Peer 1: 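Before I ask anything, let me first share the structure, which is written out below as structure tokens.
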Amino acid sequence: QVQLVESGGGLVQAGDSLRLSCTASGLTFSASYSRAWFRQAPGEQREFVGGILWNSGATNYADSTKDRFTITRSKAQNTIYLEMINLRPEDTAVYYCAIRRSSSTSFPKSAEVYDYWGQGTQVTVSS
């Protein structure tokens with residue numbers, strides 16, 4: 001059973017930085033898959049933040065985050081990270097990580113195509 005556990009969320013002030021982690025367990029399928037970060041603010045749809053190909057480490061980001069957010073991975077820890085700098089109140093959301101079981105090198109922005117999800121971690125940015 002695949003499990004994803006996010007951590008690192010919290011309450012910060014505008015301009016602060018934060019690092020989220022997502023550790024996976026129970027992965028028994030091929031290493032050809034991607035992981036992604038999404039976020040969901042109250043009353044909004046789940047939004048793609050960025051993703052990483054597990055094998056190559058290639059990344060892709062949403063336009064709204066590409067200049068401030070960075071995704072990295074640790075194969076040894078089976079973990080991906082979301083480094084966020086210069087946080088803004090509009091970044092406030094629950095942040096989720098997800099896995100897509102596919103060898104494709106694309107980065108779908110639709111949450112529907114992802115196969116596994118974590119429980120989310122709350123990030124609140126005060127002004």
Side-chain angles (χ1 to χ4, degrees):
Q1 180 180 353
V2 175
Q3 284 192 320
L4 300 175
V5 179
E6 302 99 333
S7 62
L11 172 63
V12 298
Q13 294 186 330
D16 284 352
S17 301
L18 205 58
R19 187 178 82 158
L20 307 183
S21 302
C22 172
T23 300
S25 62
L27 295 171
T28 59
F29 47 85
S30 164
S32 296
Y33 65 93
S34 62
R35 296 198 200 180
W37 287 98
F38 283 75
R39 65 185 181 185
Q40 188 167 20
E44 301 291 333
Q45 289 189 336
R46 199 163 292 193
E47 173 192 25
F48 176 82
V49 171
I52 186 166
L53 300 181
W54 189 249
N55 264 351
S56 69
T59 55
N60 182 269
Y61 300 92
D63 289 340
S64 60
T65 61
K66 62 182 178 181
D67 295 328
R68 299 181 296 120
F69 291 7
T70 303
I71 297 173
T72 57
R73 70 179 183 339
S74 166
K75 286 193 169 183
Q77 302 295 324
N78 218 346
T79 298
I80 63 169
Y81 304 95
L82 179 63
E83 302 270 2
M84 304 182 290
I85 65 170
N86 193 20
L87 283 161
R88 305 166 180 168
E90 53 264 40
D91 295 317
T92 295
V94 177
Y95 283 71
Y96 298 91
C97 68
I99 285 179
R100 179 185 181 220
R101 290 185 58 177
S102 172
S103 58
S104 169
T105 57
S106 66
F107 292 90
K109 295 176 173 56
S110 171
E112 296 174 347
V113 304
Y114 288 82
D115 301 293
Y116 304 99
W117 291 86
Q119 83 290 347
T121 185
Q122 175 72 46
V123 172
T124 303
V125 185
S126 64
S127 57

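All of these numbers come straight from a predicted model, not from anything done at the bench.
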Peer 1: Quick one: does Glu6's side chain have a donor or acceptor within less than 3.5 Å of a partner on Cys97's backbone?
Peer 2: yes
Peer 1: Check Pro108 against Val113 and note the closest heavy-atom contact, atom names and distance.
Peer 2: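 Distance-wise, the nearest heavy atoms are CB-CG2, 3.4 Å.
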Peer 1: Can you confirm whether Leu53 sits close enough to Arg100 that some side-chain heavy atom of one is under 4.5 Å from a side-chain heavy atom of the other?
Peer 2: no
Peer 1: Please enumerate all residues that pass side-chain contact (heavy atoms from CB on, under 4.5 Å) together with Ser127, with sequence neighbours excluded.
Peer 2: Pro89
Peer 1: Per the disulfide (SG to SG under 2.5 Å) rule, what does the pair list look like for residues 53-91, sequence neighbours excluded?
Peer 2: none
Peer 1: List for me each residue that meets side-chain contact (heavy atoms from CB on, under 4.5 Å) alongside Thr65, sequence neighbours excluded, and say none if there are none.
Peer 2: Arg39, Val49, Tyr61, Ala62, Phe69
Peer 1: Would you compute the distance between atom CD of Gln3 and atom CD of Gln119 and round it to the nearest 0.5 angstrom?
Peer 2: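 Spacing of CD (Gln3) from CD (Gln119) equals 9.5 Å.
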Peer 1: Looking only at heavy atoms, which two atoms of Asn86 and Arg68 are closest? And how far apart?
Peer 2: O-NH1, 3.1 Å
Peer 1: According to a 4.5 Å side-chain heavy-atom criterion applied to Ile, Leu, Val, Met, Phe, Trp and Tyr, with indirect links allowed, do Leu20 and Val94 form part of one hydrophobic cluster?
Peer 2: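 Each belongs to a different hydrophobic cluster.
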Peer 1: Supply the atom-to-atom distance Arg35 CZ to Tyr33 OH, rounded to the nearest 0.5 angstrom.
Peer 2: 4.0 Å
Peer 1: State, to 0.1 Å, how close Met84 and Val123 come at their nearest heavy-atom pair, and which atoms those are.
Peer 2: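 What the structure gives for the nearest pair is CE-CG2, 4.1 Å.
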Peer 1: OG1/Thr121 to CH2/Trp37 distance, rounded to the nearest 0.5 angstrom?
Peer 2: 7.5 Å
Peer 1: Is it true that Tyr116 and Tyr96 fall in one hydrophobic cluster, defined by side-chain heavy atoms closer than 4.5 Å?
Peer 2: no
Peer 1: Report the distance from atom CG of Leu82 to atom OG1 of Thr70, rounding to the nearest 0.5 Å.
Peer 2: 8.0 Å
Peer 1: Treating Thr92 as the side-chain partner and Val125 as the backbone partner, does any N or O pair qualify as donor plus acceptor under 3.5 Å?
Peer 2: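 Checked: pair present.
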Peer 1: Pairs in or reaching into residues 52-66: which pass salt bridge (Lys or Arg N to Asp or Glu O under 4.0 Å), with residues at least two apart or in two chains?
Peer 2: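 Salt bridge (Lys or Arg N to Asp or Glu O under 4.0 Å) check on residues 52-66 returns Asp63-Lys66.
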Peer 1: In terms of heavy-atom contacts, does CD of Glu90 have more than 12 from other residues, nucleotides or ligands at under 6.0 Å?
Peer 2: yes
Peer 1: Quick one: list whatever passes side chain to side chain donor-acceptor pair (under 3.5 Å) with Thr79, sequence neighbours left out.
Peer 2: Thr23
Peer 1: Measure the shortest side-chain to side-chain distance between Cys22 and Tyr95 over non-hydrogen atoms and say whether it is less than 4.5 angstrom.
Peer 2: no
Peer 1: Measure the shortest side-chain to side-chain distance between Ile99 and Asp115 over non-hydrogen atoms and say whether it is less than 4.5 angstrom.
Peer 2: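 Ile99 vs Asp115: side chains apart.
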Peer 1: With clusters defined by side-chain heavy atoms of hydrophobic residues (ILVMFWY) lying less than 4.5 Å apart, directly or transitively, does Leu87 cluster with Tyr81?
Peer 2: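 Tyr81 does not cluster with Leu87.
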Peer 1: Applying ring-ring contact (aromatic ring centres under 6.0 Å, His included), can you list everything that pairs with Phe38, at least two apart in sequence or on another chain?
Peer 2: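 If we apply the ring-ring contact (aromatic ring centres under 6.0 Å, His included) test to Phe38, skipping adjacent residues, the hits are Phe48, Tyr114, Trp117.
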Peer 1: State, to 0.1 Å, how close Asn55 and Arg73 come at their nearest heavy-atom pair, and which atoms those are.
Peer 2: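 What the structure gives for the nearest pair is O-NH2, 3.0 Å.
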Peer 1: Mind listing the closest non-hydrogen atom pair of Ser74 and Trp54 along with its distance?
Peer 2: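 Closest approach of Ser74 to Trp54, heavy atoms only: O-CH2, 3.7 Å.
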Peer 1: Where is the tightest heavy-atom contact between Gln122 and Ala93, given as atom of each residue plus distance?
Peer 2: NE2-O, 3.4 Å
Peer 1: Should Val2 and Ile80 be counted in the same cluster of Ile, Leu, Val, Met, Phe, Trp and Tyr side chains packed under 4.5 Å apart?
Peer 2: yes
Peer 1: Would you say that Arg19 contacts Thr72 through its side chain, given a criterion of any heavy-atom pair below 4.5 Å between the two side chains?
Peer 2: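 Arg19 vs Thr72: side chains apart.
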Peer 1: Taking the side chain as C-beta and beyond, is there a heavy-atom pair between Ser21 and Gln77 under 4.5 Å?
Peer 2: no
